[in-house]
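Counting starts at 1 for both ligands and their atoms, following the listed order.
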Amino acid sequence: MSSSSPNRMILLGAPGAGKGTVAKGLVDHLQVTHLSTGDMLRAAIKAGTEVGMLAKTFMDRGALVPDDVMVALIAERVGQDDCKAADGSAKFLLDGFPRTLPQADALDDRGLGPDAVIYLKVDVDVIVERLTGRRSCPGCGAPYHVTFRRPKVDGICDICETALVHRSDDQEGPIRKRLDAYNGQTAPLVDRYRAQLVAIDGNQSPSDVLKDVLVAVSAAG
Ligand code: ADP
Ligand code: ADP
Ligand code: ZN
C-alpha cells in the first residue's frame, strides 16, 4: 500500500475530529512523515523560542496563530529530508495545516498543493465530548481519552512513557473559541479542496475511521 499512497496529503477536520489519531495510524501503514502544526507549536513553546512565545498568546485563548508565522514554520519544515520521497519530490502528511485560505494559497504558491485531502466529518456534540476528555502526550503528541482511548498505565503514554497532560485549550472556553475559528476560517477549505477531497465518517470507532482512510488514500494514490 505504501507505494501507491499520494505524496502530499492533508488531514482536514474540526478540532477533536480525530486527525492526530488517524495520523498515528496512517504512519504505521504508509511511508510518510506526520507534520502536526499543533505539536510543532507546543514544542516551540516548551523550547522557549520567539515563535513559541508569540504562538502561546493565541493558542491559550483558542485563536489561530497568524498566517505569516504558520507559513514560515511549515515552509521550513517541509524542506527537510524526512519530507522527501525517494525521487526527491515533497512527501508529507499535514495535520492542522492549512487552517485558513491564505495558508492553502501559500502551499499552492510553493507547488505543494495536496494530492489528497482527507476530511474527517464529525458531529459537534461528539467533538465537544472528545476534546473535553482528551489527554495528550507532550512527548510524542499521541492523543488519549479518559473514556474512548485509555492508556495501558493510568496517566502515562503507551508509546514514550511521558506523563499525559490535559491541554489548557481543551477546556470549555477555549474549545468554544476554537470551534468558532474552525467554522469561520477553516471550514471554507472543504469547498476549496473539493477536487481532492474525500469525506470520511469520523463518528465511527478509531479502527473503522482508519480503515476508511486507508481505502481512500490507496484509491487516491
Ligand atoms: P484532532 O487531532 O483532530 O484534534 P485527536 O486525534 O486528538 O483529534 O482526537 C481528539 C480526542 O478524541 C482524543 O482524546 C482521541 O483519543 C479521541 N478520539 C479520536 N478519534 C476517535 C474516535 N474515532 N472515536 C472516539 N474517540 C476518538
Ligand atoms: P486541535 O487539532 O485540537 O485543534 P492543534 O494541536 O492542531 O489542536 O492546534 C492547537 C492550536 O495551535 C490551535 O488552536 C491554534 O491556536 C494553533 N494552530 C495550530 N495549527 C495552526 C495553523 N495552521 N494556523 C493557525 N494556528 C494554528
Ligand atoms: Zn508519548
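- For the pair Q204 and ligand 1, a heavy-atom separation below 4.0 Å is found.
- Here D170 has no heavy atoms under 4.0 Å from ligand 2, in either its backbone or its side chain.
- Counting heavy atoms closer than 4.0 Å to ligand 1, residue S136 contributes nothing at all.
- Of all protein heavy atoms, the one closest to atom 19 (C) of ligand 2 is R99 NH1, 3.4 Å.
- Looking at atom 8 (O) of ligand 1, its nearest protein heavy atom turns out to be G18 N, 3.1 Å.
- The protein heavy atom nearest to atom 15 (C) of ligand 1 is T21 OG1, 3.8 Å.
- Protein heavy atom in closest approach to atom 18 (N) of ligand 2: L41 CD1, 3.5 Å.
- Below 4.0 Å from some heavy atom of G38 lie the following atoms of ligand 2, by number and element: 5 (P), 6 (O), 9 (O), 19 (C).
- Of the residues T186, D68, D67, the one that meets the side-chain hydrogen bond (donor to acceptor under 3.5 Å, both in side chains) test with Q103 is D67.
- G62 does not count as a contact of ligand 2, since none of its heavy atoms falls under 4.0 Å from the ligand.
- Here ring-ring contact (aromatic ring centres under 6.0 Å, His included) pairs that include residues 66-121, with residues two or more places apart or in two chains, number zero.
- Between S136 and L164 the shortest side-chain heavy-atom distance does not fall below 4.5 Å.
- Shown here for C137 and C160, the closest heavy-atom pair between the two residues is SG-SG, 3.4 Å.
- Ligand-side atoms of ligand 1 in range of F148: 25 (C), 26 (N), range being under 4.0 angstrom from any heavy atom.
- Scanning all heavy atoms of the two residues, the minimum distance from V51 to L41 falls at CG1-CD2, 4.4 Å.
- Among all protein heavy atoms, the one lying closest to atom 1 (P) of ligand 2 is R178 NH2, 3.4 Å.
- In this structure, atom 26 (N) of ligand 2 lies nearest to the protein heavy atom V65 N, 3.0 Å.
- At a heavy-atom cutoff of 4.0 Å, ligand 1 is contacted by both the backbone and the side chain of K19.
- With salt bridges taken as basic N to acidic carboxylate O contacts below 4.0 Å, none links K177 and D180.
- Counting only protein N, O or S atoms closer than 2.8 Å to the Zn ion (ligand 3) gives 4.
- Ligand 1 has a nitrogen or oxygen under 3.5 angstrom from a nitrogen or oxygen of G16.
- Scanning all protein heavy atoms for the shortest distance to atom 12 (O) of ligand 2 gives M59 CE, 3.4 Å.
- Around the CD atom of Q80, the shell of radius 6.0 Å holds more than 12 heavy atoms that belong to other residues, nucleotides or ligands.
- For ligand 2 and R42, the ligand atoms under 4.0 Å from any heavy atom of the residue are 6 (O), 10 (C).
- Ligand 1 lies nowhere less than 4.0 angstrom from a heavy atom belonging to G133.
- Checked by distance only, ligand 1 and Y144 come closer than 3.5 Å through their nitrogen or oxygen atoms.
- By the 3.5 Å distance cut-off applied to N or O atoms, R149 is not counted among the residues near ligand 1.
- Using a cutoff of 4.0 Å between basic side-chain nitrogens and carboxylate oxygens, D154 and R135 are not scored as salt-bridged.
- Taking distance alone, with nitrogen or oxygen atoms compared against 3.5 Å, R135 stays at or beyond that limit from ligand 1.
- Close approach of ligand 2 to M70 is summarised as follows: ligand atoms under 4.0 Å from at least one heavy atom of the residue are 20 (N), 21 (C), 22 (C), 23 (N), 24 (N), 25 (C).
- Polar contact with ligand 1: present for P206 (N/O pair, distance under 3.5 Å).
- Judged as a salt bridge (charged side-chain N to carboxylate O under 4.0 Å, His left out), and not counting sequence neighbours, the contacts of R134 are D170.
- The distance criterion of under 3.5 Å between nitrogen or oxygen atoms is met by G20 with respect to ligand 1.
- Closest of all the heavy-atom pairs between G155 and P151 is N-CG, 3.8 Å.
- Shortest contact from atom 20 (N) of ligand 2 to any protein heavy atom: T37 OG1, 2.9 Å.
- With a 4.5 Å cut-off on side-chain heavy atoms, V117 and R194 do not count as touching.
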**Prompt:** After noting the C-alpha distance and the side-chain angles of D82 and R77, does the key distance pass the salt bridge (Lys or Arg N to Asp or Glu O under 4.0 Å) rule?
**Reply:** CA-CA 9 Å; D82 61 348; R77 184 64 186 87; 2.7 Å; yes

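- A heavy-atom distance below 4.5 Å is found between the side chains of D60 and S168.
- Look at D115 and K91 and you find no salt bridge, because none of the NZ, NE, NH1 or NH2 atoms lies under 4.0 Å from a carboxylate O.
- Counting the atoms of ligand 2 from 1 in the order shown, those under 4.0 Å from a heavy atom of Q103 are 22 (C), 23 (N), 24 (N), 25 (C).
- Within the 4.0 Å heavy-atom criterion, neither part of R61 lies near ligand 2.
- The nearest pair of heavy atoms linking V209 to D201 is CG2-O, 3.8 Å.
- In this structure, I127 CD1 and T132 OG1 are separated by 11.5 Å, a value rounded to the nearest 0.5 Å.
- Sorted by first and then second residue, the pairs that involve residues 132-157 and meet ring-ring contact (aromatic ring centres under 6.0 Å, His included), not counting sequence neighbours, are H145-F148.
- We find that K56 and D169 are not joined by a salt bridge, their nearest charged nitrogen and carboxylate oxygen being 4.0 Å or further apart.
- Ligand 1 has a nitrogen or oxygen under 3.5 angstrom from a nitrogen or oxygen of A17.
- Here the protein heavy atom with the shortest distance to atom 16 (O) of ligand 2 is A63 O, 2.7 Å.
- Of all heavy-atom pairs between G52 and I45, the closest is O-CG1, 3.3 Å.
- Shortest contact from atom 23 (N) of ligand 2 to any protein heavy atom: G96 O, 2.8 Å.
- For the residue pair A142 and C157, the shortest heavy atom distance occurs at CB-SG, 4.4 Å.
- For atom 24 (N) of ligand 1, the nearest non-hydrogen atom from the set R130, R134, E129 comes from R130.
- Counting heavy atoms closer than 4.0 Å to ligand 1, residue A14 contributes backbone atoms (N, CA, C, O) but none from C-beta onward.
- Using a 4.5 Å heavy-atom threshold, the side chains of L131 and R178 count as touching.
- One distance of note links OG1 of T147 with CZ of R149; it measures 13.0 Å at 0.5 Å rounding.
- Residue R167 places a heavy atom under 4.0 Å from ligand 2.
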